[in-house]
Amino acid sequence: MISQKLNIYNTLDRKKEEFVPHHPGHVGMYVCGPTVYGDGHLGHARPAITFDLLFRYLQHIGYKVRYVRNITDVGHLENDADQGEDKIAKKARLEELEPMEVVQYYLNRYHKAMEALNVLPPSIEPHASGHIIEQIEYVKKIEEAGFAYESNGSVYFDVEKYNKSHHYGKLSGRNIDELLNTTRELDGQQEKKNSFDFALWKKASPEHIMRWPSPWSDGFPGWHLECSAMGQKYLGEEFDIHGGGMDLLFPHHECEIAQSVAAQGHECVHYWMHNNMITINGQKMGKSLGNFITLDQFFTGDHPALAQAYSPMTIRFFILMAHYRSTVDFSNEALQAAEKGLNRLMEAYANLEKITPADKSTVEIAPLRQKMYDAMNDDLNSPIVISHLFECASIINRILAGNESIDAATLAELKETMSLFMFDILGLKNETTAASDNNEAYGKVVDLILEMRQQAKANKDWATSDLIRNKLTELGFEIKDGKEGAEWKLAK
RNA sequence: GGUCUCUUGGCCGAGUGGCUAGGCACCGGUCUGCAAAACCGCCUACAGCAGUUCGAAUCUGCUAGAGACCUCCA
């Protein structure tokens, strides 16, 4: 166990707090996962990467973490549908597929994208559709506690009653009076006592495909229930961290708090963490606005707004270059800057192999290492960690240029520190070397060509030398001339 | 309309009362046959106005602009 005092920003109090786990040595964390009825876009990468960073760091500093990230495959209403049919059911009818076929298709693609982004799989990835019984039981508990009422086969949460003994709106900083006039007309509104009441169970209309039997009606669980039910099932009545996007703060997370307090008499989450949005032209990238770019489109470059393809690691690095609670604006310029910066770090790391240790060291690594820990402990300040990694890169380059020297022990420390923060904690990985190192014969051919160029240079045959270099560059190689011959690598 | 947040150099993006990150781009230099890469140097900003303070990008107020949530959305 590495002793680190981690501070995280708790949305509940709007300030940074020291993280103290409920059970010493263990962390339970729940993060709202995707609704799998479409391809993941850049916005989906943000919480995945943010909480992957937290997951990795918590494990690194010695916690045993159970990380639950759900898959939403039922329960959300389609707002543009006349009868409020289930999103997945609607998509299924359009494509004439089984609802679960649609779910499986997009889930597979989601997993593939996450793997490409080097996002570790969570400990448990429960499906809402696999937890209907738990959700029904949860509704019963809320009913027994007197905070729910049945109306025409549906069950609603009685917000007004709840608010008499608790504060509905404590997380999002709202109060019930403000909500009175600002709630939208929805299907089933006439069944509710108040417009701000939310559904715990919805009776299914005859054409609704996804439905389950319940004490109240054949129907489906309400919008906010799955996270409460599955969080409790796998992490207990009280657990440490609940994460998700800021756009889920209200009503989703607010309702979760109300549900858990109603069902079990107390709150269950100690730290609420929210990642900010990714914007495009200053506006939130989102499904409803139709301004999203899918992750696959980024990887292939196949989108009118993209000047080029961006590798998964460029996307990951781009997201980590900003703090998770800041908005980050998408642009080709910013992505290209991230790509170049990442290459620089990776090259510097690879260049560690070329360093010959000296007797004395003119550089110190320990203070840098501590600064990186400090940054992580300060609410996961990944941009600061990255700035120190660039400092490491600069040190390596200065050593190679002969401006600094390093002894063997410090060199080992430098390598270990960079590897720890770049690969283990930030979760970056080297994409380029893997591509160029894995075919020996092919590499030797390139070496041979460069040897021939070296001959030409020795003969001062600049025309031939430049021709070879230009042709290789055209083919996507990057040639670097050094004192002892040339080096090459495959440019991306 | 209500609630909340943001506005940092050419671009991206940290930073919350004095020590003024980092990346990308630009420019100058070293190196090179020429380039590239690398190294050295340069660029020193905090929307505007007023206030608090010995001192403010950082605190307070006002003004302007932008965004989020209030409806499924990461």
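Labels below follow one simple rule: chain letters A, B, ... track the order of the sequence lines, proteins then strands, and each chain is numbered from 1.
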Taking the [atom1] atom in each of [N] and [M], what is the distance between them to the nearest angstrom?
{"N": "B:C42", "M": "B:C4", "atom1": "C1'", "value": "42 Å"}
{"N": "B:C24", "M": "B:G67", "atom1": "P", "value": "30 Å"}
{"N": "B:U32", "M": "B:C39", "atom1": "C1'", "value": "14 Å"}
{"N": "B:G22", "M": "B:U5", "atom1": "C1'", "value": "25 Å"}
{"N": "B:C54", "M": "B:A64", "atom1": "P", "value": "32 Å"}
{"N": "B:A57", "M": "B:U20", "atom1": "P", "value": "14 Å"}
{"N": "B:C59", "M": "B:C70", "atom1": "C1'", "value": "30 Å"}
{"N": "B:U7", "M": "B:U58", "atom1": "C1'", "value": "14 Å"}

How long is the line joining [atom1] of [X] and [atom2] of [N], in whole Å?
{"X": "A:Tyr310", "N": "B:C24", "atom1": "OH", "atom2": "C1'", "answer": "12 Å"}
{"X": "A:Lys460", "N": "B:C34", "atom1": "NZ", "atom2": "P", "answer": "10 Å"}
{"X": "A:Ile468", "N": "B:A36", "atom1": "CD1", "atom2": "P", "answer": "20 Å"}
{"X": "A:Asn275", "N": "B:A68", "atom1": "CG", "atom2": "P", "answer": "15 Å"}
{"X": "A:Leu467", "N": "B:A35", "atom1": "CG", "atom2": "C1'", "answer": "15 Å"}

Quiz item: [X] side-chain donor-acceptor pair to [N] base, under 3.5 Å:
{"X": "A:Arg14", "N": "B:C4", "result": "no"}
{"X": "A:Asn381", "N": "B:G15", "result": "no"}
{"X": "A:Asn276", "N": "B:A68", "result": "no"}

For [N], which nucleotide in any strand shown is its Watson-Crick or wobble partner with both distances under 3.5 Å?
{"N": "B:C26", "value": "none"}
{"N": "B:G55", "value": "none"}
{"N": "B:C19", "value": "none"}
{"N": "B:U32", "value": "none"}
{"N": "B:C49", "value": "B:G61"}
{"N": "B:C69", "value": "B:G2"}

Would you compute the distance between atom OG1 of A:Thr35 and atom NZ of A:Lys287 and round it to the nearest 0.5 angstrom?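 So the gap between those two atoms works out to 8.5 Å.
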Closest-nucleotide mapping onto RNA chain B: is A:Ser394 or A:Ser387 further toward the 5' terminus? I mean the 5' end.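 In this pair, the answer is A:Ser387.
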If you pin A:Leu400 and A:Leu342 to their nearest nucleotides in RNA chain B, which one's is more 5'?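 Residue closer to the 5' terminus by nearest nucleotide: A:Leu342.
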Nucleotide N/O of nucleotides 11-13 of chain B paired with protein N/O under 3.5 Å:
unit_1	atom_1	unit_2	atom_2	d
B:G13	OP1	A:Asp329	N	3.1

Consider the side chain of [X], meaning its heavy atoms from C-beta on, and name the nucleotide among [options] that approaches it most closely.
{"X": "A:Lys340", "options": "B:G33, B:C24, B:A68", "value": "B:C24"}
{"X": "A:Ile384", "options": "B:C73, B:C39, B:A21", "value": "B:A21"}
{"X": "A:Phe250", "options": "B:C69, B:C39, B:A36", "value": "B:C69"}
{"X": "A:Arg344", "options": "B:A38, B:A21, B:C34", "value": "B:A38"}

Please confirm whether the ring centroid of A:Phe157 lies under 6.0 Å from the ring centroid of A:Tyr168.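 Centroid separation for A:Phe157 and A:Tyr168: 6.0 Å or greater.
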Is there a stack between A:Phe390 and B:G23, judged by ring centres under 5.5 Å and planes under 30°?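 Given the distance and angle limits, no, they do not stack.
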Between the side chain of A:Asn332 and the main-chain N/O of A:Ala305, is any donor-acceptor distance below 3.5 Å?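 Here the side-chain-to-backbone pair exists.
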When you measure from the centre of the six-membered ring of A:Phe250, is the NZ or CZ of A:Arg174 under 6.0 Å away and within 45° of the axis?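 Cation-pi check for A:Arg174 and A:Phe250: passes.
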Apply side chain to side chain donor-acceptor pair (under 3.5 Å) to A:Tyr67 and list each qualifying residue two or more places apart in sequence or on a separate chain.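 In terms of side chain to side chain donor-acceptor pair (under 3.5 Å), with neighbours along the sequence ignored, A:Tyr67 is linked to no residue.
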